[in-house]
Amino acid sequence: GRYFMGIGRWMCQFTPFREGIHPKKCIRGWKQARLNGARLSRTVWPMKLTAFAAALLAPIALVSAGAEEEEKPKSPAAGEAFEVAGHKFVAPGGWEKQTPSSSMRKAQFKIGGSEMVVFYFGKGQGGGTEANVSRWLGQFEEPREQLGAKSETADVGGGKAKVTTVSATGTFLSGPPFGKKVPKPGFALRGAIIECENGPIFMKLTGPEAQVGEQSKAFDKLVRSAFE
């Protein structure tokens with residue numbers, strides 16, 4: 001206190017007589033300024049500290065937001081169209097179009113843990129309908145009688161094509177035709193054989209039973225989309 005009093009008196013030696021202010025008033029003014037300064041510092045310092053903390057944390061928040069943005073899965077393709085044997089089909093929204101894993105596949109889609117593939121071998125190629133239905137059901141470990149297999153045939157597009165759909169549930173043997181098979185219990189199949197002018201088109205959806213069941217109507221709509 002004595003230190004600041006001394007400074008006040010020293011300053012008053014120059015200013016009071018020039019400005020007409022009594023030295024005692026200068027000292028009282030100096031004391032009040034000190035008091036006000038203390039009060040102001042108690043208010044301004046926390047504000048400065050808060051602003052400093054906000055500036056320090058802002059880059060961290062931006063990095064976190066960027067990480068969350070990167071972790072978001074890419075949106076799957078919606079309503080992807082593809083052409084097979086001169087017919088244009090439109091896949092349901094939410095089916096992710098993929099690059100076919102073999103030359104025999106004309107189109108390939110991923111739906112969660114399920115897969116839908118399209119085969120076309122040309123006019124008069126690929127075998128008969130009943131032979132292909134039997135081959136698909138033979139891709140399960142259980143005999144046909146235990147798969148709850150169902151098949152039905154109907155004309156579509158005013159007789160432009162004939163569609164045979166087949167469904168089954170069991171332990172699906174996944175793998176290439178002549179390679180090692182991986183048994184997948186609780187899997188289901190929903191397939192369609194489209195007999196049309198340029199040759200049969202084969203579509204097959206396989207995956208966990210619940211997923212295939214949920215996508216069955218969407219699959220059937222896909223099959224008929226080229227003839228509506």
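This is a predicted model, so every value here is computed, not measured. By convention here, the first residue in the shown sequence is residue 1.
F227 and V223 fall within a single hydrophobic cluster, where Ile, Leu, Val, Met, Phe, Trp and Tyr are joined by side-chain heavy atoms under 4.5 Å apart, directly or via other members. Cluster membership check: I111 does not share its hydrophobic cluster with V117, using side-chain heavy-atom separations under 4.5 Å among Ile, Leu, Val, Met, Phe, Trp and Tyr. Linking ILVMFWY side-chain heavy atoms closer than 4.5 Å, directly or via other members, places V156 and Y120 in a single hydrophobic cluster. Grouping the Ile, Leu, Val, Met, Phe, Trp and Tyr side chains by contacts below 4.5 angstrom, directly or via other members, places I193 with F121. The hydrophobic clustering, which links ILVMFWY residues whose side-chain heavy atoms are closer than 4.5 Å, places V163 and V133 apart.
With a 6.0 Å radius and a threshold of 12 heavy atoms from other residues, nucleotides or ligands, E228 has its CD atom above the threshold.
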Between E96 and F109, does a side chain to side chain contact (heavy atoms under 4.5 Å, CB included) hold up when you go through it step by step?
CA-CA 5 Å; E96 183 182 355; F109 289 85; 6.0 Å; no
For a side chain to side chain contact (heavy atoms under 4.5 Å, CB included) check, start with the C-alpha distance between M116 and L222, then their side-chain angles and the critical distance, and finish with the verdict.
CA-CA 11 Å; M116 199 287 292; L222 160 66; 3.5 Å; yes
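Between the OG atom in S102 and the CD atom in Q108 there is a gap of 7.5 Å [rounded to 0.5 Å]. Taken from CG in L147 to CD in Q139, the straight-line distance is 11.5 Å, to the nearest 0.5 Å. Taking NZ from K204 and CG from L189, the interatomic distance works out to 6.5 Å, rounded to the nearest 0.5 Å. Separation of atoms CE (M203) and CZ (F89) is listed at 4.0 Å; rounding is to 0.5 Å. To the nearest 0.5 Å, the span separating NE2 on H87 from CG on N198 amounts to 5.0 Å. With rounding to the nearest 0.5 Å, the separation of NZ in K162 from CD1 in I194 is 13.5 Å.
Aromatic ring pairs are classed by plane angle as parallel below 30°, tilted from 30° to 60° and perpendicular above 60°; the pair F172 and F187 is parallel. Ring planes of F202 and W136: perpendicular class, angle over 60° (limits at 30 and 60°).
At least one donor-acceptor pair under 3.5 Å links the side chain of S225 to the backbone N or O of V90. Counting only distance, with no hydrogens or angles, the side chain of E142 and the backbone of T171 share a donor-acceptor pair below 3.5 Å. When atom types are taken as modelled, the side chain of K181 and the backbone of G179 share a donor-acceptor pair closer than 3.5 angstrom. Looking only at distances, a side-chain donor or acceptor of Q211 sits under 3.5 Å from a matching main-chain atom of G113.
When all heavy atoms of I201 and C196 are compared, the pair lying nearest together is CD1-SG, 4.0 Å. Of all the heavy atoms in K106 and S103, the pair that sits closest is NZ-O, 3.9 Å. For the pair G126 and N132, the tightest heavy-atom approach, listed with the atom from each and the gap, is O-ND2, 2.9 Å. In terms of heavy atoms, V212 sits closest to A188 at CG2-O, 3.7 Å. Heavy-atom minimum distance, K97 versus F82: NZ-CB, 4.1 Å.
When side chains are defined from C-beta on, E195 counts as touching T164, because their heavy atoms get closer than 4.5 Å. The shortest side-chain heavy-atom distance between R144 and S134 falls under the 4.5 Å cut-off.
Inspection of the Q215 and S114 side chains reveals no N or O donor paired with an N or O acceptor under 3.5 Å.
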